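In what follows, chains are A, B, ... by sequence order, proteins preceding strands, each numbered from 1. It should be emphasised that the depicted structure is a prediction, and the values quoted were computed from it without experimental measurement.
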Amino acid sequence: MNYWLVKSEGNCYSIDDFKHDKKTSWTGIRNYQARNFMRDSMKKGDLVFFYHSMSDPTGIHGLAKVASTPHPDETAFDKDDEHYDYKSKEDDPTWVCVDLAFVKKYKTPLSLADIKKDSKLGDMQLIKKGDRLSVQPVSEKSFKRLQSLLK
DNA sequence: GCCAACGTTGGC
DNA sequence: GCCAACGTTGGC
């Protein structure tokens, strides 16, 4: 079992939107590293922290579960979609996504500041300088620590 | 293949 | 709104 963290802008697709939808395709990822994680390493059943950037507070707001194998990101083929990519062809898709199922919304989110302060979460990609990865792995050690902090 | 210019992310 | 950090693009 692998653990992950995905970012969403709070005013774009929020944890409340996700809670309402129950399930969503994690489309619109246009970064190769992030795509490779989804394509090569995500497995059905993996647990995924739902992180809000540029929100109040910025931090972890919920938990999700990978609910599908990787599949082509259809928004890349749609000219009217903001994530349209003319280079991605339907017979050879550049971009993929997975489906995520809603698990829970935390009553008290764990803020980025709290994560930075915690001595046991030092290996998180999230707090590394210049981190911009919107899909990133979380070590089992960090996962357990986050779970206990989010109880 | 280098690298400057540009666009985006995301904390503050 | 600012700006540092980073990825991508495109001229050469």
Got a sec, which pairs hit salt bridge (Lys or Arg N to Asp or Glu O under 4.0 Å) with one end in residues 22-46 of chain A, sequence neighbours left out?
A/Arg30-A/Asp73
Footprint ends on DNA chain C, 5' to 3', for atoms under 4.0 angstrom from a heavy atom of chain A, come out as C/dA5 to C/dT9
For A/Trp95, the other hydrophobic cluster members (4.5 Å side-chain criterion, sorted by chain and number) are A/Tyr32
Got a sec, which pairs hit salt bridge (Lys or Arg N to Asp or Glu O under 4.0 Å) with one end in residues 79-88 of chain A, sequence neighbours left out?
none
State which residues pass salt bridge (charged side-chain N to carboxylate O under 4.0 Å, His left out) with A/Asp131; sequence neighbours excluded, sorted by chain then number.
A/Lys7
Residues clustered with A/Met54, ILVMFWY side-chain links under 4.5 angstrom:
none
Give me the residues of residues 115-130 of chain A where at least one heavy atom lies under 4.0 Å from an atom of DNA chain B, by number, or none.
A/Lys116
Show me the pairs that pass salt bridge (Lys or Arg N to Asp or Glu O under 4.0 Å) and involve residues 105-129 of chain A, at least two apart or across chains.
A/Asp16-A/Lys105, A/Asp114-A/Lys117, A/Asp118-A/Arg145
Can you pull out every salt bridge (Lys or Arg N to Asp or Glu O under 4.0 Å) where at least one residue sits in residues 92-104 of chain A? Sequence neighbours excluded, please.
none
